[in-house]
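Structure, as structure tokens:
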Amino acid sequence: MWTMARSAASSLRQSRRRLSTAINGPCIVHKRGADILHDPWFNKDTGFPLTERDRLGLRGLLPPRVISFEQQYARFMDSYHSLEKNTQGQSDKVVSLAKWRILNRLHDRNETLYYRVLMDNIKNFAPIIYTPTVGLVCQNYSGLFRRPRGMYFSAKDKGEMMSMIYNWPAHEVDMIVLTDGSRILGLGDLGVHGIGIPIGKLDMYVAAAGINPKKILPIMLDVGTNNQKLLEDRLYLGVRQPRLEGEEYLSIVDEIMEAIHARWPKAIVQFEDFQMKWAFETLDRYRKRFCMFNDDIQGTAGVALAGLLGTVRAQGRPLTDFANQKIVVVGAGSAGLGVLKMALKGVSRMSGPIADPQFFLLDKDGLITKERKYVDPAASPFAKSQGEIQGYGLREGSGLIEVVKSVKPHVLLGLSGVGGVFNEEVLKAMRESDSIKPAIFAMSNPTANAECTAIEAFKHAGENIVFASGSPFENVDLGNGKIGHVNQANNMYLFPGIGLGSLLSGARIITDEMLQAAAECLASYMTEEEIQRGVLYPSIDCIRDITAEVGAAVLREAVAEEVAEGHGHVGIKELSHMSKDETVEYVKSNMWYPIYSPLVHEK
Ligand SMILES: NC(=O)C1=CN([C@@H]2O[C@H](COP(=O)(O)OP(=O)(O)OC[C@H]3O[C@@H](n4cnc5c(N)ncnc54)[C@H](O)[C@@H]3O)[C@@H](O)[C@H]2O)C=CC1
Ligand SMILES: CC(=O)C(=O)O
Ligand SMILES: [Mg+2]
């Protein structure tokens, strides 16, 4: 299946142009008057037509003039551009937070308008509501907090979660992103402040996958924090106690999972930014019982694999050559190990099982080998034996520069969370890579934690590299009329499609094959011409289209594997009779699109 379907790519190009604009039907609302104006799900601000104002008891509660959606949109964008102008010259932090605030105020007030401006300006706004600014927001959460968003379950709620879950006002929930705040991006344990991440991820679900914002739910599971600074902060909003551990911790996660499942048995749960030990343990514990996945392990792996296959194509080699690529992965955490696990599977699918894949794994203590006293079980398949590294003159704990100099890798991939670890010396050593187009993936987030910047990579490693980063960087002007293209290797290209495809198939569980299908779909999205220019991933402007394709691929795989049960009125029989194109259309037609729907009051 690992082939590049050129015709598929060109039909995708066409479908990118006809963005699905499903008309939303009327919306039932159980409130009236000021309660509607104060509910961002239903509020249209000055956009309520006069007849609706009469029907809903709004007459007199708004200025008389009706402002159209387009006018409201233009007014917001004007305010946004004024803010950009007025904050010129101020620090990045001040500007980013000011932009986040203006978007957040709109989010709090009018979700339809918020999601439309987000969708239409995704390239400019994703860096604000998602990485990197979301990291800054989490770090400053206590100070920025104005009103809650999502649900908060804490260690103090043990035994109560089954009833608490019914406090959420929406009857239907499709998509949940759950965190315990223990590893927020590369920023470490941020405790309850980590809620910003599920919020940002779910914003991407709405913008990219068209999940109805009334059916999303960010959840913070606050089991304490080991961040001393937060524990000592008198304004810290979370539980001021060290993190629960062991069985005590797991029993809390069990409880929330049972509560979610009891109220919304078909909801998809995305685990996000759990520290490694719990990321793997909870994935193993729940993946056969609930429809869930871990984005950092599984979503990241698929995105990285798609990029790695792109680098093989960029060298003009057949995909089967993937088995011969020398890949150095820096960071043996949930993300790095997820990538290697999926890459190993990819290699054996393409070339059959091979004894010693050319993968070299480093953590904070250097190269991981079988000589090491303790190797995490998830990392042990990638620990090198003496025999495998002898020829390279390497040993247990060899440093990064030593490894790069002796291995001459085709790919250097960072998921360490450590900013600048790909220093000048390391990048210069990549000039001796055995690849004609060495690849540098600095995937850690947010920007300050990237292993190197785009400018550093092109400057030190050479102009012939392909470069990808987890957080966005500008393309690099190489000064000779050429541009160094910057890719964003971020799991945002997959998680919305994984969630959407699982939802629309009514999957009982999310299998490895469904994730593999998602990765394959992303891998085959780019044309040969794009790949040759070093463009490994689509522009974020196309994220809704790529998500529809990924969603369809996941759905079809769920059906093929007989884990699908159908969704709404569309049963398994209908799903299994859909052609590939029909599946894509079906997925698109289920995407929510932000327009004002007529509101119908029902008691
Ligand atoms: N671009 C993307 O889509 C994604 C990026 N990430 C990023 O990856 C980073 C790591 O995430 P996790 O694996 O979950 O974290 P983790 O905490 O589980 O693992 C970090 C790993 O890096 C290693 N490390 C630390 N310092 C190092 C050094 N100086 N040299 C080599 N290795 C070092 C640690 O020993 C550990 O193995 C974070 O910054 C996160 O934002 C994670 C998921 C997706
Ligand atoms: C992108 C993401 O999931 C992370 O950095 O953790
Ligand atoms: Mg994450």
Side-chain angles (χ1 to χ4, degrees), residues 126-127 130-132 134-135 138 177-190 194 196-198 200-201 204 270-281 283 293-307 328-341 360-368 372 374-376 378-379 382-383 397-404 412-423 426 441-452 468-473 487-496 498 522 537:
Y130 190 61
T131 186
V134 70
C138 291
V177 178
L178 171 75
T179 190
D180 70 354
S182 55
R183 193 287 278 146
I184 293 299
L185 307 177
L187 304 170
D189 180 350
L190 294 187
I197 293 293
K201 291 272 175 187
M204 293 302 284
Q270 172 169 325
F271 276 54
E272 192 68 48
D273 288 10
F274 283 68
Q275 58 181 310
M276 168 163 144
K277 63 176 178 183
W278 294 129
F280 281 106
E281 172 113 21
L283 181 60
F293 69 105
N294 182 297
D295 182 39
D296 299 294
I297 300 173
Q298 298 168 300
T300 313
V303 167
L305 182 56
V328 170
V329 173
V330 184
S334 45
L337 292 175
V339 170
L340 281 181
K341 274 176 93 166
F360 298 78
L361 177 62
L362 288 85
D363 69 359
K364 62 179 176 13
D365 300 319
L367 183 68
I368 300 181
R372 196 173 281 201
Y374 174 77
V375 180
D376 190 279
F382 308 104
S398 287
L400 177 57
I401 184 65
E402 237 180 304
V403 174
V404 172
L412 176 61
L413 188 152
L415 281 162
S416 64
V418 182
V421 73
F422 296 171
N423 59 26
V426 168
F441 284 63
M443 288 180 70
S444 290
N445 298 312
T447 313
N449 296 64
E451 283 74 10
C452 65
S469 52
S471 295
F473 283 106
N487 295 281
Q488 193 175 356
N490 192 293
N491 50 29
M492 69 182 181
Y493 282 116
L494 283 193
F495 71 76
I498 295 170
L522 181 61
Y537 298 102

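Indexing begins at 1, ligand by ligand and atom by atom, following the structure's order. Just so it is clear, the model here is predicted, and its values are computed rather than measured. All residue numbers in this chain count up from 1 along the given sequence.
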So Y537 and F441, would you call those rings parallel, tilted or perpendicular, with 30° and 60° as cut-offs?
perpendicular
If every non-hydrogen atom of P132 is compared with every non-hydrogen atom of P127, which pair is closest and at what distance?
CD-O, 3.4 Å
Any N/O pair T300/ligand 1 closer than 3.5 Å
no
Subset of ligand 1 atoms that lie under 4.0 Å from at least one heavy atom of M276
18 (O)
Quick test of your reading of the structure: of I184, D363, L362, D365, whose heavy atom lies closest to atom 31 (C) of ligand 1?
D363
Tell me which protein heavy atom sits closest to atom 14 (O) of ligand 1, plus the residue, atom name and distance to 0.1 Å.
S334 OG, 2.6 Å
Smallest separation among heavy atoms of A332 and D363, with atom names:
CB-CB, 3.9 Å
Closest to the Mg ion (ligand 3), which N/O/S atom of D273 is it?
OD1
Would you give the length of the straight line joining atom CG of N445 to atom CG of L415, rounded to the nearest 0.5 angstrom?
8.5 Å
Is ligand 2 less than 4.0 angstrom away from at least one heavy atom of E272?
yes
Using a heavy-atom cut-off of under 4.0 Å, does the side chain or the backbone of I197 touch ligand 2, or both, or neither?
neither
Looking only at protein heavy atoms, identify the closest one to atom 16 (P) of ligand 1 and say how far it is in Å.
G333 CA, 3.8 Å
Given D295, T131, L187, V418, identify the one with the heavy atom nearest to atom 26 (N) of ligand 1.
V418
Would you check whether Y130 reaches within less than 4.0 Å of ligand 2, judged by its heavy atoms?
yes
Verify, without hydrogens or angle tests, whether S444 (side chain) and S416 (backbone) share a donor-acceptor contact under 3.5 angstrom.
yes
Can you name the atoms of ligand 1, numbered from 1 with element, that are less than 4.0 Å from a heavy atom of G186?
38 (C), 39 (O), 41 (O)
Between CD on residue E272 and CG on residue L185, distance to nearest 0.5 Å:
8.5 Å
I'd like to know whether NZ of K277 has more than 12 heavy-atom contacts from other residues, nucleotides or ligands below 6.0 angstrom.
yes
Is the shortest N/O to N/O distance between A332 and ligand 1 below 3.5 Å?
yes
Would you mind running through ligand 1 and noting each atom that sits below 4.0 Å from a heavy atom of D296?
43 (C)
Any heavy atom of N490 sitting closer than 4.0 Å to ligand 1?
yes
At a 4.0 Å cut-off, with the gap strictly under it, does some heavy atom of N490 reach an atom of ligand 2?
yes
Heteroatom of E272 nearest to the Mg ion (ligand 3) (N, O or S, atom name):
OE2
Applying a 4.0 Å heavy-atom criterion (strictly less than), which segment of L415 is in contact with ligand 1: side chain, backbone, both, or neither?
both
May I ask you to list the atoms of ligand 1 that are less than 4.0 angstrom from any heavy atom of A335?
12 (P), 13 (O), 14 (O), 42 (C), 43 (C)
Quick check: does D296 have an N/O/S atom under 2.8 Å of the Mg ion (ligand 3)?
yes
Using side-chain heavy atoms (C-beta onward) and a distance below 4.5 Å, is D376 in contact with F280?
no
Looking at ligand 2, does M492 have a heavy atom less than 4.0 Å from it?
no
Please work out which of N449, N491, L400, N445 has its closest non-hydrogen atom nearest to atom 39 (O) of ligand 1.
N445
Proximity winner for atom 25 (C) of ligand 1, if only heavy atoms of E272, M443, K364, K277 are counted:
K364
Spacing of L337 atom CG and D296 atom CG [to the nearest 0.5 Å]:
12.5 Å
Should you measure from each heavy atom of G470, which atoms of ligand 1 turn up under 4.0 Å away?
1 (N)
Would you say ligand 1 has an N or O under 3.5 Å from any N or O of A489?
yes
Closest heavy-atom pair and its distance - M443, A489:
CE-O, 3.5 Å
Among all protein heavy atoms, pick the one closest to atom 9 (C) of ligand 1 and tell me residue, atom and distance.
S444 OG, 3.5 Å
Per-residue contact class, M492 against ligand 1 - non-hydrogen pairs under 4.0 Å:
neither
For atom 20 (C) of ligand 1, what is the closest protein heavy atom, and at what distance to 0.1 Å?
S416 O, 3.9 Å
Please indicate whether any nitrogen or oxygen in R183 is less than 3.5 Å from any nitrogen or oxygen in ligand 1.
yes
